[in-house]
Amino acid sequence: DIASNLVDAGYTRFTIANRTYANAYKLIEDQIVPETARVVTLDAIEKEIETCDIVVSAINASEYVVRPDMVKADKWLTYKCMVDLGMPRT
């Protein structure tokens, strides 16, 4: 799974965004991500994307969750890696 591979690669800071805090905390409880991970709701992702190096989206939604206006490169000081695993493709 992606999170465990990132941990194995040395990444230590994770922010989990989910529709609910309960679902996000379940990822931490299931030890998918380190217990030091921060949890935010989906309405906070635009600000969170600015501070992330890697963004993995795995959501089933009929509308964009990570919108094009959120990922304009001129908003960032560093490059980003974006991975969309959502179905259908959002």
K.L.:
Could you see if Tyr25 belongs to whatever hydrophobic cluster contains Val56? Use Ile, Leu, Val, Met, Phe, Trp, Tyr and a side-chain cutoff under 4.5 Å.
P.N.:
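Per the 4.5 Å side-chain linkage, Tyr25 and Val56 are co-clustered.
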K.L.:
Measure across Asn60 and Arg19 and return the closest heavy-atom pair with its distance rounded to 0.1 Å.
P.N.:
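Shortest heavy-atom separation between Asn60 and Arg19 comes out as O-NH2, 3.1 Å.
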K.L.:
Got a second to check how far Tyr11's OH is from Ile54's CD1, nearest 0.5 Å?
P.N.:
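If we round to the nearest 0.5 Å, Tyr11:OH and Ile54:CD1 are 3.5 Å apart.
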K.L.:
I need the Leu42 CG to Ile59 CD1 distance, nearest 0.5 Å.
P.N.:
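Reported to 0.5 Å precision, the distance equals 5.0 Å.
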K.L.:
Nearest 0.5 Å, what's the CG-NZ distance between Asn18 and Lys26?
P.N.:
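Rounded to the nearest 0.5 Å, the CG-NZ separation comes to 11.5 Å.
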K.L.:
Which distance, rounded to the nearest 0.5 Å, do you find between the CD1 of Ile16 and the OG1 of Thr41?
P.N.:
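It is 13.5 Å, given to the nearest 0.5 Å.
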K.L.:
Got a second to check how far Arg38's CZ is from Arg13's CZ, nearest 0.5 Å?
P.N.:
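Rounded to the nearest 0.5 Å, the CZ-CZ separation comes to 8.0 Å.
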K.L.:
Between atom CE of Met70 and atom NZ of Lys47, what is the distance when rounded to the nearest 0.5 Å?
P.N.:
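The distance works out to 13.5 Å.
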K.L.:
Answer whether the closest heavy-atom distance between the side chains of Phe14 and Leu6 falls below 4.5 Å.
P.N.:
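Phe14 vs Leu6: side chains touch.
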K.L.:
Is it the case that one hydrophobic cluster holds both Val7 and Val83, taking links as side-chain heavy atoms less than 4.5 Å apart, direct or via other members?
P.N.:
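As far as the 4.5 Å side-chain criterion goes, Val83 and Val7 are connected within one cluster.
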